[in-house]
4 protein chains.
Amino acid sequence: MCLRRRPPGQLLVNTSTLPSDQTLNAACTAKRQQILDGAATLFLHNGYEGTSMSQVAREAGVSKGTLYNYFDCKAQLFSALIEAVAETKLRNVYERIHSDDLDCATTLQRVAEAMIRTLLQPDSMMLYRIIVAEARKFPLLADIFWQRAFGVSISTLADWIANRAARGELVVDDPVFAAEQFFMLCQTRIVQRHRFELPVDKSDAAIKTVARITSESFMKLNGAH
Amino acid sequence: MCLRRRPPGQLLVNTSTLPSDQTLNAACTAKRQQILDGAATLFLHNGYEGTSMSQVAREAGVSKGTLYNYFDCKAQLFSALIEAVAETKLRNVYERIHSDDLDCATTLQRVAEAMIRTLLQPDSMMLYRIIVAEARKFPLLADIFWQRAFGVSISTLADWIANRAARGELVVDDPVFAAEQFFMLCQTRIVQRHRFELPVDKSDAAIKTVARITSESFMKLNGAH
Amino acid sequence: MCLRRRPPGQLLVNTSTLPSDQTLNAACTAKRQQILDGAATLFLHNGYEGTSMSQVAREAGVSKGTLYNYFDCKAQLFSALIEAVAETKLRNVYERIHSDDLDCATTLQRVAEAMIRTLLQPDSMMLYRIIVAEARKFPLLADIFWQRAFGVSISTLADWIANRAARGELVVDDPVFAAEQFFMLCQTRIVQRHRFELPVDKSDAAIKTVARITSESFMKLNGAH
Amino acid sequence: MCLRRRPPGQLLVNTSTLPSDQTLNAACTAKRQQILDGAATLFLHNGYEGTSMSQVAREAGVSKGTLYNYFDCKAQLFSALIEAVAETKLRNVYERIHSDDLDCATTLQRVAEAMIRTLLQPDSMMLYRIIVAEARKFPLLADIFWQRAFGVSISTLADWIANRAARGELVVDDPVFAAEQFFMLCQTRIVQRHRFELPVDKSDAAIKTVARITSESFMKLNGAH
DNA sequence: GATGAATGAGCTTTCATTCAT
DNA sequence: TATGAATGAAAGCTCATTCAT
């Protein structure tokens with residue numbers, strides 16, 4: 001048995017025991033991916049407790065036995081899934097950051113807009129919900145999520161900020177902290193309220209406005225003047 | 001065909017049917033409170049799905065039947081609990097705001113510090129996790145939480161900001177948005193990372209530093225000069 | 001607000017979704033039959049509400065999980081059982097009708113006797129009790145019971161009556177109504193009283209007497225003279 | 001404790017222990033009637049298992065404690081109720097029989113019609129369902145029902161038949177059996193089918209037709225010619 | 001006598017996991 | 001390796017009955 005259903009304390013999933021990518025042959029990987037695809041649909045819709053292994057098996061088109069050939073238990077499947085999903089979600093945000101032939105304010109506004117839109121996507125929103133909800137049970141998960149999603153965004157932006165500071169366009173002591181502030185400011189109003197399922201204007205115009213204010217605020221805080 | 005346990009759509013709990021603050025007699029209230037206390041311990045530790053009604057009964061020292069005499073179903077108990085908890089959690093934050101004979105920067109720094117400390121408390125942290133996780137299933141919950149916790153903090157701060165702007169100490173177009181930005185900035189680094197269970201310096205000094213930076217940032221954005 | 005266990009209205013079990021007589025493989029059918037056998041014992045003894053799924057599982061020698069692998073819910077198991085039982089119960093009655101080289105009165109007396117004996121069997125009696133008791137909750141059940149049991153008997157007898165009328169041995173306007181009257185007359189005294197658990201002579205002789213009177217009555221009502 | 005919830009064998013309620021009518025003071029009787037009225041509504045709508053003591057208490061406007069002051073257990077309350085209800089239900093049927101200044105056929109047709117209408121009433125129908133369903137568990141109940149309802153009707157009609165036979169209008173060997181046959185014939189088609197919740201024409205015309213056929217049939221079987 | 005809060009066994013149903021084929 | 005039938009613990013919830021007030 002892998003795990004008790006309702007663990008009294010922490011539910012530790014040692015991700016180091018996951019079959020790592022390099023040692024898997026192709027056929028195995030294909031089936032594994034098939035399972036992960038099915039799992040993604042369900043976990044991101046219904047959460048961890050709301051998804052049953054039978055559902056995953058059906059959705060993925062494999063038997064329950066096969067499921068357990070590839071993943072030792074539900075928690076491990078979940079971990080593997082979040083690992084896979086987190087990686088791809090915020091990619092377009094920091095790709096945006098690299099297109100940096102524009103002035104600071106404009107770039108930041110575009111990044112802010114991309115960030116807001118990404119965070120509002122149903123998948124991302126659900127991912128955030130799940131990670132925050134299950135972070136205590138799956139501490140490694142949050143770590144993975146941070147490293148592959150938020151963390152990457154922050155360090156990418158921090159690098160960009162340091163670069164612009166070097167050029168004299170910004171004046172920044174701690175680029176990482178500044179980047180973190182920037183991402184927090186992005187979440188003002190729309191993202192934050194949407195997380196609480198509160199009614200809020202999520203129109204294009206509203207998003208652009210928050211993005212603009214965020215960019216302007218950042219420039220006020222860290223601009224060269 | 002057969003009754004589904006997990007409804008596909010929303011699980012609406014009409015909180016207006018909760019025994020409200022009418023004149024419940026003392027005995028009734030005492031037992032009710034006893035149940036809520038037990039429920040708090042468990043729900044705030046293990047989340048909604050992770051807590052069973054049997055556990056709550058045992059923890060509260062009552063029988064399952066008694067549980068259901070006071071609350072129609074698990075969802076309603078949960079709702080009532082969150083309602084009760086949310087109310088008390090952020091109270092000290094906005095009480096801090098009213099002690100306003102100090103200069104802006106100092107007041108804001110104290111508010112930021114109180115906010116950070118509150119959000120870092122295990123209960124608050126768990127409350128945030130649960131609300132975000134279950135907001136889809138319990139839309140009214142998030143609403144309550146917002147109205148009694150975050151919402152109150154924001155509008156209290158917004159009022160203070162408007163007041164200081166009237167005095168000429170701040171220059172602010174949209175006091176509510178400014179307040180929302182302030183609270184987002186409070187969550188930079190420590191709170192945010194703690195939510196993801198990432199290692200982060202949560203020392204007094206670290207908290208004071210983030211509070212100071214937050215206050216300074218706000219003043220840069222909205223100060224009279 | 002919360003999910004009610006007992007719906008106020010009808011409990012519809014769409015029997016068309018029951019695994020029908022398709023080509024179920026042998027193993028599946030064997031286990032299914034094993035469950036139905038256990039269910040028959042209990043439901044026919046204790047009725048629908050008086051039988052629990054745990055009891056059925058124990059009686060059938062399977063786990064509760066297995067029960068639910070074969071039947072979606074208690075109502076469906078019950079429906080499937082009644083469907084299976086109803087079919088076999090009255091078969092020997094209408095088989096009796098086909099042996100028709102005898103004169104009318106003798107044939108009818110034999111049919112009446114078979115009918116009375118069948119209706120007095122503990123299983124049939126209990127089946128009648130259950131169907132009548134649960135007809136409101138399971139309208140399709142009564143329908144099935146009628147179509148496979150009483151209905152078949154009536155239409156078989158009605159055909160026989162029409163045939164004899166064509167031969168000039170009977171004079172009948174409405175063969176179906178005549179058949180219905182015949183079956184009601186069969187239930188006079190012994191069957192009726194037994195249904196109410198009243199003391200009544202159920203001896204062979206008594207049965208033969210009622211059968212004879214029934215046959216004679218029918219001939220008086222519909223005989224050629 | 002009065003009775004186990006799910007009795008393994010028979011559920012005997014010794015009705016001789018019911019507080020008999022003469023020894024009860026007025027106040028007590030009033031409350032008792034109040035309870036029985038509430039119980040009638042529920043038991044006749046939802047059956048024995050489908051009715052809870054809490055519901056009865058609420059419907060009757062008394063506390064559960066009071067319920068148990070007047071009736072030792074659910075089974076006894078149910079017994080007392082059926083006893084009370086059965087008595088009143090078929091009264092109008094045999095009252096019809098006494099108005100006997102008409103010719104046989106007409107009287108019988110009126111009695112048949114009254115009988116059919118009575119049996120089709122929702123209360124009577126439900127009473128029949130309940131008695132038949134619970135007869136095994138409550139053997140005394142069915143006895144009571146027979147003695148106060150069906151039995152009275154039969155013996156009243158049998159007396160009338162004997163009287164008319166003495167007048168030479170009928171030729172009957174066994175008036176009781178003839179009466180039983182008459183009541184069975186009344187149940188042909190409409191009543192029988194309605195018991196199985198099958199669709200059937202329950203119009204005034206249809207009822208009159210069955211009543212007429214029943215009367216004619218009886219006259220054919222037992223008329224003076 | 002009347003109340004209704006409290007009890008706890010029992011109900012239907014779900015689901016992670018195993019294992020014979 | 002893949003299957004899916006089988007398991008059984010545990011879930012949410014009900015209800016006849018008791019008893020302190």
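Chain identifiers are assigned alphabetically (A, B, ...) following the order of the sequence lines, protein sequences preceding nucleic acid strands; residue numbering begins at 1 within each chain.
For DNA chain E, each stem of at least three Watson-Crick or G-U pairs (distances under 3.5 Å) is given as range with range: E:2-21 with F:2-21.
When all heavy atoms are compared, the tightest approach of D:Thr41 to D:Glu59 is CG2-OE2, 4.0 Å. Residue D:Lys64 comes nearest to D:Ser54 through the heavy atom pair NZ-OG, 3.2 Å, listed as atom of the first residue, atom of the second, then distance.
Distance CG (D:Leu42) to C1' (F:dC15): 14 Å, rounded to an integer number of Å. Nucleotide F:dC15 holds its P atom 11 Å from the CD atom of D:Glu49, rounded to whole Å. Taking atom CG on A:Asn46 and atom C1' on E:dT14, their separation rounds to 15 Å, with Å as the unit. If you measure from atom CG of C:Leu77 to atom C1' of E:dT13, you get 13 Å, rounded to the nearest angstrom. When the C1' atom of F:dC13 is taken as reference, atom CZ of B:Phe78 falls 19 Å away, rounded to whole Å. Spacing between atom CZ of B:Arg32 and atom P of E:dA5 amounts to 13 Å, rounded to whole angstrom units. A straight line from CD of B:Gln76 to C1' of F:dG12 spans 14 Å, rounded to a whole angstrom. One interatomic measurement links the two molecules: CE of B:Met53 to P of E:dA6, which rounds to 15 Å at whole-angstrom precision.
Distances shown here put every side-chain N or O of B:Tyr68 at or beyond 4.0 Å from the OP1 or OP2 atom of F:dT14. Residue C:Ser52 places at least one side-chain N or O closer than 4.0 Å to OP1 or OP2 of E:dC11. Within the 4.0 Å cut-off from OP1 or OP2 of F:dA11, at least one side-chain nitrogen or oxygen of B:Gln55 is found.
Separation of atoms CG (C:Leu141) and CZ (C:Phe78) is listed at 5.5 Å; rounding is to 0.5 Å.
Side-chain atoms of A:Lys74 lie closest to E:dA16 of the nucleotides E:dA16, F:dG12, F:dT17. In this structure, the nucleotide among E:dA16, E:dT13, F:dT17 sitting nearest to the side chain of C:Cys73 is E:dT13.
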Close N/O contacts between protein and nucleotides 1-3 of chain F (under 3.5 Å):
unit_1	atom_1	unit_2	atom_2	d
F:dT3	OP2	A:Ser63	N	3.2
F:dT3	OP2	A:Ser63	OG	3.3
F:dT3	OP2	A:Thr66	OG1	2.5
F:dT3	O5'	A:Ser63	OG	3.4

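Residues meeting the side chain to side chain contact (heavy atoms under 4.5 Å, CB included) test with B:Ala84, sequence neighbours left out: none. Shown here are the side chain to side chain contact (heavy atoms under 4.5 Å, CB included) partners of D:Asn46, two or more places apart in sequence or in another chain: D:Leu42, D:Thr51, D:Gln55. Residues passing the side chain to side chain contact (heavy atoms under 4.5 Å, CB included) test with B:Ala142, sequence neighbours excluded: A:Phe196, B:Ile131, B:Ala135. Every side chain to side chain contact (heavy atoms under 4.5 Å, CB included) that C:Ala133 has, sequence neighbours left out, goes to D:Ala133.
For the pair A:Gln76 (side chain) and A:Phe71 (backbone), a donor-acceptor distance under 3.5 Å is absent.
Aromatic ring orientation, C:Tyr48 versus C:Phe138: perpendicular (interplanar angle above 60°, classes split at 30° and 60°).
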